*Asks:* 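I am attaching a structure below and will ask some questions about it afterwards.
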Protein chains: 2
Amino acid sequence: MPVSKHPSRTGPVTLASIAAHAGVHLSTVSRALSAQPDGVGPETVERIRTLAHELGYRRDAAAHTLRTGRTRMIGVLVPRLTDVALATIYEGIDQAATRAGYNTVVANTRDDVELQRSCLDLLLSRRVDGLILGDSRTGSNLIPELQRTQVPFVLVMRRLPGQISITTDDVEGGRLAAEHLLELGHKRVGVVAGDPSASTGAERTRGFRDTFAKAGFPIPDEYVIDSDFHVRGGRRAAERILRLPVRPSAIFAINDFTAIGVMGAVRDAGLQVGSEMAVVGYNDLDLAEQLPVGLTSVRSPLTEMGELSVHTLLDMLQGKKVRSRRLRPVLMARASTLNSR
Amino acid sequence: MPVSKHPSRTGPVTLASIAAHAGVHLSTVSRALSAQPDGVGPETVERIRTLAHELGYRRDAAAHTLRTGRTRMIGVLVPRLTDVALATIYEGIDQAATRAGYNTVVANTRDDVELQRSCLDLLLSRRVDGLILGDSRTGSNLIPELQRTQVPFVLVMRRLPGQISITTDDVEGGRLAAEHLLELGHKRVGVVAGDPSASTGAERTRGFRDTFAKAGFPIPDEYVIDSDFHVRGGRRAAERILRLPVRPSAIFAINDFTAIGVMGAVRDAGLQVGSEMAVVGYNDLDLAEQLPVGLTSVRSPLTEMGELSVHTLLDMLQGKKVRSRRLRPVLMARASTLNSR
DNA sequence: CCGAGCAACCCAAACGTTTGCGCTTGATTA
DNA sequence: TAATCAAGCGCAAACGTTTGGGTTGCTCGG
């Protein structure tokens with residue numbers, strides 16, 4: 001058990017105070033405590049290390065950073081952590097980072113440009129070694145600004161042309177959802193399209209619409225409703241779709257949360273999810289399978305994306321050449337589309 | 001290893017480089033850029049500030065912390081951010097902290113003691129000004145260690161005797177759920193009890209069982225299954241309950257995610273959620289209301305808890321006297337218990 | 001006209017680390 | 001036996017900031 005000897009008497013325990021206790025120079029302590037203790041006798045190293053442990057020494061991160069210029073921290077920007085998809089990605093990021101001896105600091109930007117800027121400023125002034133951006137949007141001028149700082153970064157979840165990114169193939173995902181519904185005989189469908197400034201929303205929707213169009217059933221614009229990525233946004237969009245003069249027989253939602261909102265709207269319209277209105281989600285969160293009506297969803301490897309983004313970033317930090325990755329999505333068919341049609 | 005070789009022409013912009021540009025002393029720049037620029041002429045302040053902005057100056061957090069000993073950072077420990085309840089609390093924390101000029105850094109500890117310790121170590125070596133702990137458990141020896149560091153902290157979501165905490169009244173919440181089911185005529189019920197080392201799990205379960213016992217229908221131990229707080233854990237626990245010789249007519253789940261797992265198990269057992277098996281959740285997440293069968297749930301004010309924990313911590317930092325808070329939960333009755341019984 | 005008072009600014013010492021360099025030892029080698 | 005050498009350690013200079021205490025000038029009341 002590590003127990004500090006004089007908790008209140010002695011101030012914070014630093015290299016200097018350890019050195020005093022051990023009767024050696026402060027710099028010797030520093031070396032002894034470093035990963036490769038070169039130029040210090042083995043028994044001295046051992047003595048100093050146990051002493052440091054007993055005194056409850058913790059290296060001061062601020063001083064370390066100030067001296068070395070490196071923080072072993074990577075900054076992460078996400079729209080919202082209450083979105084389980086992003087939280088899962090972040091979990092993958094944090095895991096991989098921890099394993100590599102890095103720590104992460106995350107910030108919610110809520111798809112708000114002002115917040116993005118201030119969060120970015122914060123992370124940069126905290127001198128993160130690199131950044132992982134989960135909230136990139138088309139038409140933002142933050143990326144060029146960021147490039148000027150020379151701090152390496154990778155995008156995750158959402159793409160931007162010309163930037164290194166780790167995503168799933170969202171066009172393909174949209175296509176999978178569309179083909180599934182076409183096979184089941186759906187001809188008129190609605191889309192809860194998410195935010196068109198996010199590549200996820202834009203590409204999933206595009207893949208979906210293109211496939212229906214190619215099959216001879218182009219989807220009219222009024223059947224495609226933009227939304228955010230949350231339950232309530234999904235609900236609102238679905239309500240609009242359900243009020244259309246000719247009701248569709250299926251709705252494709254941009255992610256599982258909006259799909260749940262869609263389910264609620266369908267239910268309150270007096271329709272049975274699955275048999276009377278097919279619903280398809282995206283991401284295949286854990287809960288999709290367990291819903292009272294199992295949700296058909298396009299599975300994307302979220303944790304893996306997170307981990308991969310970290311590995312890519314670390315490679316960049318080492319000056320290696322890196323490339324973007326687009327992982328393959330898979331459709332998981334369940335009761336929300338398969339029930340007795 | 002190559003050392004301190006700066007790739008860009010212009011080095012990092014510091015107080016010194018601004019001072020050189022402005023033709024004043026570095027300390028004058030520091031004062032001009034501080035919140036209350038005392039002892040610097042108004043026009044000098046203006047000149048320096050615009051210059052700093054033009055050069056893209058960002059105060060170095062490490063140096064600032066090293067000098068002042070304060071970081072304006074608060075550390076947050078949660079079990080998992082993929083648990084929407086915790087993510088929502090964290091969102092409240094981050095909001096309130098940002099408004100107060102503080103930043104947060106969060107870490108997932110997964111209810112793992114080793115991880116808790118290492119995350120705590122990390123946050124302390126980053127010199128956070130204070131801590132908010134969302135993952136406290138009975139029987140852990142981390143709290144006494146933490147107290148020795150003199151870093152102030154508050155618990156959120158889960159309580160521990162003798163510690164400042166911001167929670168909802170979980171015993172009361174359990175009671176609300178029980179009374180609701182009793183009123184509907186349920187006599188034999190199952191409980192997915194969560195983790196008994198977390199006060200949430202223990203107290204919600206206790207409030208629920210006590211109420212049933214008082215009503216004359218004590219719940220046998222084999223109808224109470226411990227679990228984690230996630231979808232799969234809920235599903236597994238429910239499967240065990242459904243295999244009991246005498247099947248209950250209702251299941252109380254420790255939170256909404258486990259409740260969804262319960263719903264999946266009930267569905268796959270060939271039963272209708274609501275009419276054939278009542279299900280009650282806890283937290284009333286956004287999605288509870290929108291599920292194909294609306295989930296009856298005990299609402300707890302998550303965002304508010306997060307904000308309150310920050311306010312409490314900031315009061316502690318100012319040396320004020322603070323007290324624990326237990327917010328009141330409210331039952332939201334929906335189809336998962338109300339459907340035609 | 002002279003010192004007091006004051007505004008505006010400069011100086012330098014910290015904060016806790018890391019790290020190149022130089023100084024002792026004692027042992028090895030020519 | 002003396003020159004060489006490496007191991008083991010001490011010394012001191014940074015890193016960028018804040019801040020208590022000078023040091024200038026200047027104004028102004030007596």
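Keep in mind that the numbers below use all heavy atoms, side chains included, and drop hydrogens, waters and symmetry copies. Throughout, protein chains are lettered first and strands after them, A, B, ... in sequence-line order, and every chain is numbered starting at 1. This one's a predicted model, so the numbers in the text were calculated from it and none came from an experiment.
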*Asks:* Side chains of Tyr102(B) and Thr71(B): do they bring a donor and an acceptor to under 3.5 Å?
*Replies:*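 Side-chain D/A pair, Tyr102(B) to Thr71(B): absent.
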
*Asks:* Taking NZ, NE, NH1 and NH2 as the nitrogens, is one of them in Arg31(B) or Asp38(B) under 4.0 Å from a carboxylate oxygen of the other?
*Replies:*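 Judged by the 4.0 Å cut-off on N to carboxylate O distance, Arg31(B) and Asp38(B) do not form a salt bridge.
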
*Asks:* At less than 4.0 Å, is any side-chain N or O atom of His25(B) found next to OP1 or OP2 of dC11(C)? Yes or no.
*Replies:*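 Yes, such a contact exists.
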
*Asks:* Where the side chain of Val24(A) is concerned, which of dT19(D), dT19(C), dG10(D) is the nearest nucleotide?
*Replies:*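 The nucleotide sitting nearest to the side chain is dG10(D).
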
*Asks:* Starting from P on dC15(C), measure out to NE2 on His64(A) and report it in whole angstrom.
*Replies:*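 Spelled out: NE2 on His64(A) to P on dC15(C) is 20 Å.
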
*Asks:* Starting at CG of Leu66(B) and ending at P of dT17(D), how long is that distance when rounded to a whole Å?
*Replies:*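 Interatomic distance, CG of Leu66(B) to P of dT17(D): 12 Å.
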
*Asks:* Determine the contact category for Thr68(A): base if any of its heavy atoms lies under 4.0 Å from a base atom, sugar-phosphate if only primed atoms, P, OP1 or OP2 are that close, otherwise nothing.
*Replies:*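 Sugar-phosphate only.
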
*Asks:* Do we see a donor-acceptor contact under 3.5 Å between the side chains of Thr104(A) and Tyr90(A)?
*Replies:*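 Looking only at side-chain atoms, Tyr90(A) and Thr104(A) do form a donor-acceptor pair, the distance falling under 3.5 Å.
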
*Asks:* Does a salt bridge link Asp135(A) with Arg80(A), judged by any charged N lying under 4.0 Å from a carboxylate O?
*Replies:*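 So Asp135(A) does not pair with Arg80(A) through a salt bridge.
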
*Asks:* CG of Leu26(A) versus P of dG16(C): gap in Å, rounded?
*Replies:*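 Rounding to the nearest Å, CG of Leu26(A) and P of dG16(C) are 11 Å apart.
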
*Asks:* Evaluate Arg127(A) against Asp60(B) for salt bridge (Lys or Arg N to Asp or Glu O under 4.0 Å), listing each step before the verdict.
*Replies:* CA-CA 8 Å; Arg127(A) 288 233 215 146; Asp60(B) 186 286; 2.4 Å; yes

*Asks:* What is the distance from atom CD1 of Ile132(A) to atom CE of Met305(A), rounded to the nearest 0.5 Å?
*Replies:*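 Those atoms lie 10.5 Å apart.
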
*Asks:* Over how many whole Å does the gap from Leu33(A) atom CG to dG16(C) atom P extend?
*Replies:*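 Leu33(A) atom CG is separated from dG16(C) atom P by 16 Å.
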
*Asks:* Just the rounded figure in Å: distance from C1' of dG16(D) to CG of Asp60(B).
*Replies:*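 That distance rounds to 6 Å.
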
*Asks:* Report the distance from atom CG of Leu15(B) to atom P of dA14(C), rounded to the nearest whole Å.
*Replies:*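 Taking CG of Leu15(B) and P of dA14(C), I get 20 Å after rounding.
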
*Asks:* Which of residues 40-57 of chain B have a heavy atom under 4.0 Å from DNA chain C?
*Replies:*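 Hits under 4.0 Å, by residue number: Val40(B), Gly41(B), Pro42(B), Thr44(B).
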
*Asks:* Tell me the interatomic distance from Arg31(A), atom CZ, to dA12(D), atom P, rounded to whole angstroms.
*Replies:*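 Distance check: Arg31(A) CZ to dA12(D) P gives 14 Å.
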
*Asks:* Does His311(A) NE2 have over 12 foreign heavy atoms under 6.0 Å away?
*Replies:*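 Check passes, neighbour count above 12.
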
*Asks:* Taking the minimum atom-to-atom distance to the side chain of Thr14(A), which one of dG16(C), dC11(C), dG10(D) wins?
*Replies:*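 Among the listed nucleotides, the one closest to the side chain of Thr14(A) is dG16(C).
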
*Asks:* Kindly say whether, by distance alone, the side chain of Thr28(B) makes a donor-acceptor pair under 3.5 Å with the base of dC10(C)?
*Replies:*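 It does not, because no donor-acceptor pair links the side chain of Thr28(B) to the base of dC10(C) below 3.5 Å.
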
*Asks:* Starting at CZ of Arg127(A) and ending at C1' of dG16(D), how long is that distance when rounded to a whole Å?
*Replies:*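 After rounding, the gap between these two atoms is 8 Å.
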
